[in-house]
Trainee: 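I have a structure here, written as structure tokens, and I will follow up with some questions on it.
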Amino acid sequence: MPTTPRPVKTVLASVTAAVLLAAAAATPAHAQSPPLRDLADQQGLRMGAAVASHLLDDADYRRTAATEFNSVTHENDLKWESVQPQPGQYSWSGADRLVEFAEQNGQQIHGHTLVWHSQLPSWVENGSFTPAELTQVMEDHIDTTMGRYRGQIQTWDVVNEPIGDDAQFRNSVFHRVLGEDFIAQSLHMARAADPEATLFINDYNIDGINAKSDAYYELAQDLLAQGAPLDGIGLQGHLISGQLPQDIQQNIQRFADLGLEVMITELDIRMTMPVTQQKLEQQARDYTQVMDACLAVSGCSGVTVWGVTDAHSWVPDHFTGEGAALPIDDDYEAKPAYWSIHEALGGDGQNGPDDPGPGEPGTGTCEVAYDFTSQWGQGAVVEVTVHNGSGSAVQDWSLTWERPSGEQISSAWNSLIQQSGTTVTAGPVEWNRSIAPGGQVSFGFQTTHAGAPSVPGGFSLGSESCTIR
Ligand code: XIL
């Protein structure tokens, strides 16, 4: 596999716009459509997915989560039952893992969630507390959880689903013991725990204008009038294909007009199984409608889909006979809904001729090995081998990847390496400009990094995405 590197020759280029422009002009046009996160970045929009930390062991899952989204939400790992299952016993492994993943991939994190009647351990749900005791329990939970990720998690669902389907405050331990003031109290606690964080309340069935979203509108006005630190409202967006409310945009607008940031926090648009082409097309129109509604209102800052692919969606487990609610299918193939989002974000809304699809490993003709040949404290030496499995030589190759954030390449050999933001582009030096059919080139570099060094989520050789081996 890896060949012995040539004697060290430092050829790291310092990046200037001029160098990058020259490099871009010299490379063939990119046939591959940009991933959603790149388009969203251009729109200044957050395009997220709910991610489950235990699924990050799966390379396809990890790659897709990293490649397609610029924001992540913990699907379950930050909920009270996961974080503090017993009084005072905190458990961070799942939550930490996703926070590290997001940092490595330059993603924002939406914190979900602190005060919620569900997925609440029974010591809280069934505890008999005085108001002072419950306040103390909430304060400890909010302060410890937000405090741990201060500076790392930018936005939080402080209170989730406090109002029921009947548009009345939901019967929860929090409401029983503290009355509706528990919402304002939670927000004050959250502001004290992390003054920089943006604080949301979040719920389902409040996407359009209806009795429940009216109740939220009143609640938001009340909270703001009494000086509670409410910054945003999350419309979860658990929707049914073909049955979307027609006034999503007006609803977003009225909350934005209160000065609140609005996000679609848990979007999925489910259908009755089995899937048909017609249903996929309806769903694609539904996704367009939601994306357009958010993009039309300047206070709407992002859309997060509730799962990376249909195979990981909560829908089939919770809604009998329904599923296929997400833009990427069980096999990591882009659905029509994916291309709707792509187009709404300013992309061409279609697959390029050589595009292997969202986060996919490619056609198998290009393979990359990324090995740490030595590691110490904050540093590592990396050796990269690029294998050309195609039938023709690759001339003046260009390998790109997203550098885990906090990592810096300090010197390189056998390659000219450029870094722009988090994008790294490695190109040839004089003696390895061509990769023969079935042949390979190796190059190396030294890095410094903030946390543990990690393998990037994906590589592209020219316009083709590579398999990582
Ligand atoms: C869901 C998760 O997706 C499931 O894995 C879990 O079994 C139940 O919770 N509203 C929310 C989310 O705020 O936390 C829920 O997530 C979906 C509904």
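Predicted model, so just to flag it, every value in this text is computed and none were measured. Atoms within a ligand are numbered from 1 in the order they appear, just like the ligands themselves.
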Trainee: In ligand 1, which numbered atoms sit nearer than 4.0 Å to a non-hydrogen atom of Glu75?
Mentor: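 Contacts of ligand 1 toward Glu75, numbered from 1: 2 (C), 3 (O), 4 (C), 5 (O).
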
Trainee: Between Thr423 and Glu402, is there a side-chain heavy-atom distance shorter than 4.5 Å?
Mentor: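 When only atoms from C-beta onward are counted, Thr423 and Glu402 do touch, with a gap below 4.5 Å.
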
Trainee: Look at atom 6 (C) of ligand 1 and say which protein heavy atom is nearest, naming residue and atom and giving the distance to 0.1 Å.
Mentor: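 Going atom by atom, the protein heavy atom closest to atom 6 (C) of ligand 1 ends up being Asn76 OD1, 3.5 Å.
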
Trainee: Do other residues, nucleotides or ligands put more than 12 heavy atoms under 6.0 Å from the CD atom of Gln278?
Mentor: no

Trainee: Indicate yes or no: does an N/O atom of Glu161 lie under 3.5 Å from an N/O atom of ligand 1?
Mentor: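 Indeed, backbone or side chain, Glu161 has an N or O that close.
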
Trainee: How close does the nearest protein non-hydrogen atom get to atom 8 (C) of ligand 1, and which residue and atom is it?
Mentor: Gln119 OE1, 3.5 Å

Trainee: List ligand 1 atoms under 4.0 Å from Glu266, heavy atoms only on the residue side.
Mentor: 10 (N), 11 (C), 12 (C), 13 (O), 17 (C), 18 (C)

Trainee: Mind checking whether Arg254 and Ile209 have side chains closer than 4.5 Å, heavy atoms only?
Mentor: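 When only atoms from C-beta onward are counted, Ile209 and Arg254 do touch, with a gap below 4.5 Å.
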
Trainee: Can you check salt bridge (charged side-chain N to carboxylate O under 4.0 Å, His left out) on Glu367 and Arg469, steps first, answer last?
Mentor: CA-CA 7 Å; Glu367 268 185 17; Arg469 60 168 190 213; 3.0 Å; yes

Trainee: Can you classify the ring geometry of Phe372 versus Tyr370 as parallel (below 30°), tilted (30 to 60°) or perpendicular (above 60°)?
Mentor: perpendicular

Trainee: Report the part of Tyr204 in contact with ligand 1, treating N, CA, C, O as backbone and CB onward as side chain, heavy atoms under 4.0 Å; options are side chain, backbone, both, neither.
Mentor: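 Within the 4.0 Å criterion, Tyr204 makes no contact with ligand 1.
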
Trainee: Considering only the protein, which heavy-atom contact is closest to atom 15 (C) of ligand 1, and what is its distance?
Mentor: Lys79 NZ, 3.8 Å

Trainee: For atom 7 (O) of ligand 1, what is the nearest protein heavy atom, given as residue, atom name and distance?
Mentor: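 Result for atom 7 (O) of ligand 1: His318 CE1, 3.6 Å.
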
Trainee: Hey, which of Glu81, Gln119, His112 is the one that makes side chain to side chain donor-acceptor pair (under 3.5 Å) with Asn76?
Mentor: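 Of Glu81, Gln119, His112, side chain to side chain donor-acceptor pair (under 3.5 Å) with Asn76 is met by Gln119 alone.
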
Trainee: Specify side chain, backbone, both or neither for Asp157, according to which of its non-hydrogen atoms lie closer than 4.0 Å to ligand 1.
Mentor: neither

Trainee: Flag this pair as yes if the NZ/CZ of Lys212 is under 6.0 angstrom from the six-membered ring centre of Tyr217 and inside a 45 degree cone about the axis; otherwise no.
Mentor: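 Verdict for Tyr217: no cation-pi partner in Lys212.
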
Trainee: Are any of the N or O atoms of Asn160 closer than 3.5 Å to those of ligand 1?
Mentor: yes

Trainee: Under 3.5 Å between some N or O of ligand 1 and some N or O of Trp314?
Mentor: no

Trainee: Under 6.0 Å between ring centres: does that hold for Phe174 and His117?
Mentor: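 When the ring centroids of Phe174 and His117 are compared, they turn out to be at least 6.0 Å apart.
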
Trainee: Would you mind listing which atoms of ligand 1 come within a distance below 4.0 Å of any non-hydrogen atom of Trp116?
Mentor: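 Taking each heavy atom of Trp116 in turn, ligand 1 has 14 (O) under 4.0 Å.
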
